[in-house]
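Computed over heavy atoms, backbone and side chain alike; hydrogens, waters and symmetry mates excluded.
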Amino acid sequence: SGLGAIPAISGANLTGFTDAQMPAGAVLQVIHASTTTEVSSSSGTYIDTGLTAAITPSASSSKILIIYSIQQFMTNAAGFGHLKIVRGSTDLVTHGFGNYAGGSTAMSVSSFQHQDSPSTTSATTYKIQFNKQGGGGSVISQYDDTNGEGVSTMILMEIAG
């Protein structure tokens, strides 16, 4: 005898749903950041890559998916180090990077993803830091050479909880 009526959703209108009405897993907002500023380190102390972005979650149950890609140049190809995601002043996750053990220099791109649960609706800043752990020489992020600038990027995605 025909289709039934479409049930109304409280507060919905013809222009769409509010963030609070979106189902779990829905993408609520996307923030993009990039940097071309060259930063160099030859120590184990973590320093900022200059890659940073802020997002204001619409609900405390939201998750934040962090995706980043860092261009790095090593003045000694046998070197290695760590990259770290930081939320405010809280370290979230650290991972290593390295290059082949031949030649005198090496360039690489490190990519990583991490899902965070900040449990807040306040503006939240994420940044990427790096250090040098082993091998000679130094590590440079966003290396600027005669062939053009290196670019590092980060995407923050708010996911409904």
Checking [X] now: which residues fulfil side chain to side chain contact (heavy atoms under 4.5 Å, CB included) with it, not counting sequence neighbours?
X      : result
Ser34  : His32, Val151, Thr153
Ser111 : Ser69, Val109
Ser40  : Ser138, Ile140
Ser122 : Thr120

Salt bridge (charged side-chain N to carboxylate O under 4.0 Å, His left out) pairs, two or more places apart, involving [range]:
range            : value
residues 127-137 : Asp48-Lys127
residues 111-121 : Arg87-Asp116
residues 24-36   : none

Considering residues at least two apart in sequence or located in another chain, which fulfil the side-chain hydrogen bond (donor to acceptor under 3.5 Å, both in side chains) criterion with [X]?
X      : result
Ser117 : Lys63
His95  : Tyr68
Ser41  : none
Ser62  : Glu158

Side-chain heavy atoms under 4.5 Å apart, restricted to Ile/Leu/Val/Met/Phe/Trp/Tyr: what other residues fall into the cluster of Leu65, or is it alone?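 Reading the cluster by chain and number, Leu65 sits alongside Val27, Val30, Ile67, Ile155, Met157, Ile159.
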Minimum heavy-atom distance between [X] and [Y], given as atom pair plus value:
X      : Y     : value
Thr124 : Pro57 : OG1-CD, 4.1 Å
Thr49  : Thr35 : O-CG2, 4.1 Å
Asn131 : Gly44 : ND2-O, 2.9 Å

Any donor-acceptor N or O pair under 3.5 Å, side chains Gln29, Ser58: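 Side chains of Gln29 and Ser58: no pair found under 3.5 Å.
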